Asker: 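Could you have a look at this structure, given as structure tokens, before my questions?
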Amino acid sequence: MDEELVELIRSVITRIPEGRVATYGDIADIARAPSPRMVGKVLQEDGHDLPWQRVLRANGTCAPHIAHEQLDRLRAEGVLAVDGKVDLRKYRWEEAVTEPADEPQLGLFE
DNA sequence: TGCCTGACGGGTA
DNA sequence: ATACCCGCCAGGC
């Protein structure tokens with residue numbers, strides 16, 4: 001897999017703030033990865049030194065094989081789960097917008 | 001060369 | 001909620 005992309009994906013994950021989470025799809029979009037699977041692939045191969053606990057599936061659940069430890073770690077930084085599910089509406093990370101839009105964001109609600 | 005396998009996601013029934 | 005289905009794409013064999 002392209003090393004350039006791997007580093008990009010890793011850097012995005014590093015930017016997720018403590019106490020917030022992001023989905024595999026979010027990471028893929030930001031990193032312009034061709035598929036969310038690439039994100040999982042990166043974590044599987046070399047994710048030990050990343051805040052991997054902040055990466056969840058699109059429905060707020062964890063990948064089954066690491067669910068227990070992941071939820072423990074998240075709980076330790078203030079992210080609570082109900083029935084093994086994290087409420088994304090509450091904890092999902094949105095990248096900070098550096099440049100204010102010069103037009104009202106009305107279009108986002110159409 | 002194919003075929004199978006995933007730390008995935010969206011849609012439908 | 002569960003169960004399929006299909007798209008996705010790098011790797012392993």
Side-chain angles (χ1 to χ4, degrees):
Chain A
M1 174 174 178
D2 179 38
E3 191 58 31
E4 168 84 21
L5 179 58
V6 172
E7 285 311 310
L8 187 47
I9 289 174
R10 294 175 59 80
S11 74
V12 172
I13 294 175
T14 301
R15 288 204 288 282
I16 306 172
E18 183 178 336
R20 311 298 300 290
V21 300
T23 70
Y24 293 91
D26 291 341
I27 308 297
D29 289 340
I30 296 171
R32 305 257 181 340
S35 165
R37 287 185 182 281
M38 301 299 95
V39 178
K41 179 83 85 175
V42 168
L43 287 176
Q44 178 168 64
E45 293 173 356
D46 194 28
H48 54 284
D49 57 338
L50 295 172
W52 56 269
Q53 71 273 21
R54 298 174 193 153
V55 184
L56 300 172
R57 301 202 285 206
N59 62 359
T61 63
C62 305
H65 64 290
I66 51 168
H68 198 78
E69 186 183 352
Q70 181 158 27
L71 292 179
D72 280 346
R73 288 185 174 221
L74 287 175
R75 189 164 51 250
E77 55 184 77
V79 177
L80 306 182
V82 179
D83 268 350
K85 280 190 322 249
V86 170
D87 187 343
L88 296 179
R89 294 175 304 178
K90 193 164 162 188
Y91 300 105
R92 194 176 207 160
W93 169 55
E94 307 292 353
E95 257 194 321
V97 178
T98 55
E99 297 299 320
D102 50 34
E103 293 291 329
Q105 306 290 290
L106 300 179
L108 298 175
F109 300 97
E110 287 176 14

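Quick caveat: nothing in here was measured; it's all calculated off a predicted structure. Below, read A as the first sequence line, B as the second, and so on, with proteins coming before strands; counting in each chain starts at 1.
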Asker: In this structure, how many angstroms lie between the P atom of B:dA7 and the CD1 atom of A:I13, rounded?
Answerer: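 The answer, rounded to whole Å, is 15 Å.
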
Asker: For the CG atom of A:L43 and the CE atom of A:M38, what is their distance to the nearest 0.5 Å?
Answerer: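 Rounded to the nearest 0.5 Å, the CG-CE separation comes to 12.0 Å.
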
Asker: Between A:L71 (CG) and B:dA7 (P), how many Å, whole number?
Answerer: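 Distance check: A:L71 CG to B:dA7 P gives 17 Å.
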
Asker: Rounded to the nearest 0.5 Å, how far apart are CG of A:L80 and CZ of A:R75?
Answerer: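 Spacing of CG (A:L80) from CZ (A:R75) equals 8.5 Å.
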
Asker: Using the P atom on both, measure C:dC13 against B:dA7 and round to a whole Å.
Answerer: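 Approximately 16 Å lies between the P atom of C:dC13 and that of B:dA7.
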
Asker: Calculate, to the nearest 0.5 Å, the distance between atoms OG and OH belonging to A:S35 and A:Y24 respectively.
Answerer: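 Between A:S35 OG and A:Y24 OH, I get 12.5 Å after rounding to 0.5 Å.
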
Asker: Could you see if A:L88 belongs to whatever hydrophobic cluster contains A:I27? Use Ile, Leu, Val, Met, Phe, Trp, Tyr and a side-chain cutoff under 4.5 Å.
Answerer: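 No, A:L88 does not connect to A:I27 through the hydrophobic network.
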
Asker: Under 4.5 Å between side-chain heavy atoms, hopping through other hydrophobics if needed: is there a path connecting A:L5 to A:V42?
Answerer: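 Yes.
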
Asker: Is any side-chain N of the basic residue among A:K85 and A:D83 closer than 4.0 Å to the acidic one's carboxylate O?
Answerer: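 Salt bridge flag = no for A:D83 with A:K85.
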
Asker: Run the numbers on A:I30 and A:R15 for side-chain contact (heavy atoms from CB on, under 4.5 Å), then give the verdict.
Answerer: CA-CA 11 Å; A:I30 296 171; A:R15 288 204 288 282; 4.1 Å; yes

Asker: In whole Å, what is the span from the CD atom of A:Q53 to the C1' atom of B:dA7?
Answerer: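 In whole Å, B:dA7 C1' and A:Q53 CD are 13 Å from each other.
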
Asker: Pairing of DNA chain C as dot-bracket, 5' to 3': ( ) intra-strand, [ ] crossing, | other strand, . unpaired, with Watson-Crick or G-U pairs under 3.5 Å?
Answerer: .||||||.|||||

Asker: With a 4.0 Å heavy-atom cut-off, tell me which residues in residues 38-50 of chain A come close to DNA chain C, sorted by residue number.
Answerer: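 Going residue by residue through residues 38-50 of chain A, the ones with a heavy atom under 4.0 Å of DNA chain C turn out to be A:M38, A:K41.
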
Asker: Answer yes or no: is there a side-chain heavy-atom contact under 4.5 Å between A:Y91 and A:L56?
Answerer: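 They are not in contact (no side-chain heavy atoms under 4.5 Å apart), so the answer is no.
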
Asker: Would you give the length of the straight line joining atom CH2 of A:W93 to atom CG of A:D26, rounded to the nearest 0.5 angstrom?
Answerer: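 Between A:W93 CH2 and A:D26 CG, I get 8.5 Å after rounding to 0.5 Å.
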
Asker: Listing time: all N or O pairs from protein to nucleotides 9-13 of chain B that are below 3.5 Å?
Answerer:
unit_1	atom_1	unit_2	atom_2	d
B:dG9	OP1	A:Y24	N	3.4
B:dG9	OP1	A:G25	N	3.2
B:dG9	OP1	A:A58	N	3.4
B:dG9	OP2	A:A58	N	2.9

Asker: Going by heavy atoms in the side chains, are A:V86 and A:R92 under 4.5 Å from each other?
Answerer: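 The answer is no, as the side chains (C-beta and beyond) never meet within the 4.5 Å cut-off.
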
Asker: On DNA chain C, does the nearest nucleotide to A:K85 precede the nearest nucleotide to A:P34 from the 5' side, or the other way round? Give the residue.
Answerer: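 This one resolves to A:K85.
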
Asker: Flag the pair A:E77 and A:R73 as a salt bridge only when some basic side-chain nitrogen lies within less than 4.0 angstrom of an acidic carboxylate oxygen.
Answerer: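 A salt bridge is absent here (no side-chain N lies under 4.0 Å from a carboxylate O).
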
